[in-house]
Structure formats: C-alpha cells, structure tokens
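Only one structure is covered here, and it is reproduced in the block below.
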Amino acid sequence: MTPALIALIVIALLLVVVVAKSVTIVPQAQAKVVERLGRYSRTLSPGLSLLVPFIDRVRATIDLREQVISFPPQPVITSDNLQVGIDTVVYFQVTEPRLATYGIANYIQGMEQLTTTTLRNVVGGLNLEGALTGRDGINSQLREVLDGTTGPWGLRVARVEIKAIDPPPSIRDSMEKQMRADRDKRAIILTAEGARQSAITTAEGQKASAILSAEGKKQAAILEAEAERQSRILRAEGERAALYLQAQGQAKSIETVFQAIHDGKPDQGLLAYQYLQTLPQIAQGDANKMWIVPSEFSKALDGLAKLGGADGDGRSWMDVDPSRDGASRPTAEMDTSGWFESALPRAADQPEARIELSSIADAAPVVAAPEIPDTTSLARAAEQETTGGEVQPRP
C-alpha cells in the first residue's frame, strides 16, 4: 500500500468523524443540552441539528415526557409515637432541560430525599388514624411542597400519591381485632333491632287479631241474643194466638153444641140413649176393675126423663126461648181475618236493638223480625162472640 493511499484513507476517516460530530438527530419528546468549549450553548429541539466538530458537544439528553417514580417505603413516626412505613409515587415532568442539567446534579435523587423529609414533616403531625384516613390531605401538601421546591430545577410535579401505609404488625393485629369487634357489635345491634322489630310487629298483629276476635265475638253474641229475643217473642206470640184460637174454638164448639141441643128438642128416649152410650165410657180406664150398675136404674131414667120435659108440660131445662119473630136464634159467624195482625213494633226498630259497633267498619245487618199477628183484633173478636153483637170501636 502506497503512502498516498494511506493518506486518502486517513482523510476519509477524518471526514467521517467530522460529519458524525457535526450532525445530530434529536428524537421526539426529548431535548439535548449543547455545550461549546465547556459552556452552555443551546438546547436542541427534536429534529436534525448541526454542531461544530470538536467544539460543540452534547452534555445531556433530557426526556420531556411525564415520568413516574415510585420510592421505597420510608419509616415515619406519627404523633402518637407509632412507626409506619409509607411508600409514595411521584408524577413529574421536565419543563426546563437546562435547569434540570445545571440546577441539580441528580434531580431524581433530590426529589426522593425531598419527598421523604416532607412526608415525615406532614405525617409527624398526625396520629395513625388521621394518617390512614387523611391521605388526600397528605397528597395535597406533598405536591405543593415538591412543586414549589423543584421549580428551580426545571421540574413540574403533577401529583403525589401515597401507595401504602404499613403500620407495625402488633398495630395491625389490634386494628383487626378492633374492626372485628366493631363488626360483631354492629351485627349484634342489627340482630337485636331486627328481633325487636319482629316482636313489635308480632305483638301488634296479635293485638289487632285479639281486638277483631273480641269484636267479632261481641257482634256474634249481640246477634245471637237478638235472634233469641226475636225467637222468644215470636214463640210467645204464637203460643198466645194458639191459646186464644183454642179457647175460641172450644167456646164456639160449646155454643154450637148447646144451640144444636136447643134446636133439636131432645125427648126422654134420646136422653136415655145418650146416657146408655156414656155408661161404657165411664167404665173405661186402667184403674176400673169392677163396675156396679145400680138397682134403681129405672128410677134414674125416670128422673132424667122428667128433666128432659116428660113431666106433662113438655118443657125441658135446656129449652131456649124463641126470638120475637118466632125464628130460631141465628148462629153468629166468626171473623178470623184479623187474628194474625199485630201492632207490636219490629224488634229491630226497638231502642235496645240499636247497638253501634264503632270498632267494626262493616257491621252485620240487623235481622228484621217477621210480622207478628195483631192480638188486638183477636181480643175484639172474642168480645164480640161473647156479647153476641158488634163491638163498638174504642176511642
């Protein structure tokens, strides 16, 4: 190989190195900090950029996207002297690449230490319960402190989240026991409340049932008593009407028989015949073992014949005087049209039957008594039959 060829190769390599040092490509969402002779020159934006070889150099490449950093659990002592481990997550973004490069040597490490110290200051003023329930307040305070402190570093803290708070094992056991006891307490309270409501509802149902049963028995007793009263009234009215009709029938029968005897003019032979027919009936009966016919039986018949009008004048003690016109006495007709008419008011319309049951909305209808026969007409008919004429109306 000749020296000229070697020189060309060296020149070519030198040109390649110069071109490589002069041209740089910046990816999207990144920025490069360029120094010239050791001093900050400019910040390259995404795209193709040219540099002065051996004079300009890229100091750092900064990612401009929002980044997430999770810090390991940090021991923190609360106000009630309990040590808990708290791990946090920080969301931040580099807004000034020059400040992020020259403002702090390592902004990630600086942010971690700042988060730890701020977290201890904030949680140190809270007790364990406040730290467990006040995460939103702790997150807000951490974000405000970190955002204000990292501003000169060219960083913007978007938000800070507490990922977990780990109390000591003994405290966790106590918290679990407390939580279990509280849940058991609430379960017992709910069970007792349910039993109480069930007992109240059952008692109210039994009370309403007893009231309705008592009202029903009361109404049934009232209706039964009213029915019994109406039945007795009707039975008494019927018995009274039956006795009156029986008496009227017997009176009419006696009157008819008596009139027939007078109209028939019985003689001594008929009376003797009737007497002979009555003798066997006198002998009837279980107590009659022996019957003696009197020896003077013919004399008894003579006496009966004299009573019947056989003494010569032909007049009997059963004779009835004829009427003025010579005709026999007419038989009065019996009027039975008003025997079963009654002026007695219905039992349902009487004051003692009007009973209102305010506790029962739908009361059973009162049973109306049937029409009762009018006993006044029966009495007037009896008086008319007894006197043999018309009865004057009473005022």
Side-chain angles (χ1 to χ4, degrees), residues 1-76 86-122 138-164:
M1 184 179 293
T2 61
L5 182 58
I6 295 174
L8 289 175
I9 294 174
V10 171
I11 293 171
L13 291 176
L14 182 60
L15 290 175
V16 171
V17 171
V18 170
V19 171
K21 291 288 185 178
S22 300
V23 179
T24 182
I25 298 176
V26 181
Q28 183 67 33
Q30 289 185 1
K32 292 185 177 182
V33 178
V34 178
E35 292 181 348
R36 178 171 291 180
L37 298 178
R39 297 181 62 183
Y40 172 75
S41 174
R42 65 185 185 276
T43 299
L44 300 180
S45 58
L48 179 64
S49 300
L50 298 178
L51 299 177
V52 178
F54 306 105
I55 296 177
D56 295 338
R57 74 181 182 92
V58 178
R59 170 67 184 271
T61 300
I62 306 299
D63 193 350
L64 300 179
R65 296 173 297 178
E66 185 173 346
Q67 303 178 41
V68 181
I69 300 178
S70 177
F71 299 126
Q74 301 296 325
V76 180
I86 302 177
D87 54 343
T88 55
V89 179
V90 179
Y91 300 84
F92 70 95
Q93 184 180 11
V94 178
T95 57
E96 294 290 338
R98 182 177 66 86
L99 296 178
T101 304
Y102 299 102
I104 187 172
N106 189 345
Y107 58 83
I108 300 295
Q109 185 178 3
M111 188 178 298
E112 179 181 1
Q113 297 301 322
L114 181 61
T115 302
T116 302
T117 56
T118 305
L119 184 63
R120 289 177 178 176
N121 292 332
V122 173
I138 296 175
N139 295 336
S140 299
Q141 295 183 26
L142 286 176
R143 194 194 69 77
E144 291 177 0
V145 173
L146 291 177
D147 191 31
T149 304
T150 58
W153 301 347
L155 304 178
R156 182 183 66 85
V157 178
R159 59 186 181 275
V160 180
E161 298 290 341
I162 295 178
K163 186 162 56 177

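Quick caveat: nothing in here was measured; it's all calculated off a predicted structure. We count residues from 1, following the sequence as given.
- Rounding to the nearest 0.5 angstrom, the gap separating the CG atom in L50 from the CG atom in L44 is 10.0 Å.
- In this structure a side-chain-to-backbone donor-acceptor pair under 3.5 Å is missing from R59 to G38.
- For the atom pair I62 CD1 and R98 CZ, the distance stands at 12.5 Å (nearest 0.5 Å).
- Taken to the nearest 0.5 Å, the CG atom of L13 stands 11.0 Å off from the CG atom of L8.
- Here the side chain of N139 pairs a donor or acceptor atom with the backbone of I162 at under 3.5 angstrom.
- Atoms NZ and CZ, from K21 and R57 in turn, are 10.0 Å apart once rounded to the nearest 0.5 Å.
- Across all their heavy atoms, L64 and A31 have their closest contact at CD1-CB, 4.1 Å.
- The two residues R143 and A158 have their closest heavy-atom pair at CD-O, 3.0 Å.
- Closest approach of P97 and T95 over heavy atoms only: CD-O, 3.8 Å.
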Note to self: Please evaluate residues I69 and E112 with respect to the criterion side-chain contact (heavy atoms from CB on, under 4.5 Å), reporting the C-alpha separation (whole Å), side-chain torsions for both, the decisive distance (0.1 Å), and the verdict.
What the structure shows: CA-CA 9 Å; I69 300 178; E112 179 181 1; over 6 Å; no
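- Proximity of I86 to Q74: side-chain heavy atoms (C-beta onward) are nowhere separated by under 4.5 Å.
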Output side-chain donor-acceptor pairs under 3.5 Å for residues 146-156, partner residues at least two apart or in another chain, one line each.
from, atom 1, to, atom 2, distance (Å)
D147, OD1, V157, N, 3.4
T149, OG1, V145, O, 2.8
T150, OG1, L146, O, 2.6
R156, NH2, Q93, OE1, 2.9

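- Between I104 and G110, the shortest heavy-atom distance links the atoms CD1-CA, 4.1 Å.
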Notebook entry, point to check: After noting the C-alpha distance and the side-chain angles of T116 and F71, does the key distance pass the side-chain contact (heavy atoms from CB on, under 4.5 Å) rule?
Noted result: CA-CA 9 Å; T116 302; F71 299 126; 6.0 Å; no
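- Taking 4.5 Å as the limit, some side-chain heavy atom of I138 sits within range of a side-chain heavy atom of L119.
- Results of the side-chain hydrogen bond (donor to acceptor under 3.5 Å, both in side chains) test with K32 over T43, T24, T61 single out T24 as the only residue that passes.
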Notebook entry, point to check: Between Y107 and L99, does a side-chain contact (heavy atoms from CB on, under 4.5 Å) hold up when you go through it step by step?
Noted result: CA-CA 10 Å; Y107 58 83; L99 296 178; over 6 Å; no
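- Closest approach of S45 to S49, counting heavy atoms only: O-OG, 4.4 Å.
- If you take CG on D87 and OG1 on T115, they are separated by 12.0 Å, rounding to the nearest 0.5 Å.
- For the residue pair P27 and P46, the shortest heavy atom distance occurs at O-CB, 3.4 Å.
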Next item on the list: For L51 and R42, run side-chain contact (heavy atoms from CB on, under 4.5 Å): C-alpha distance rounded to whole Å, both residues' side-chain angles, the deciding distance at 0.1 Å, then the answer.
Entry: CA-CA 11 Å; L51 299 177; R42 65 185 185 276; 3.3 Å; yes
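- Residues Y40 and T101 form no side-chain contact, since every pair of their non-hydrogen atoms from C-beta on lies 4.5 Å or further apart.
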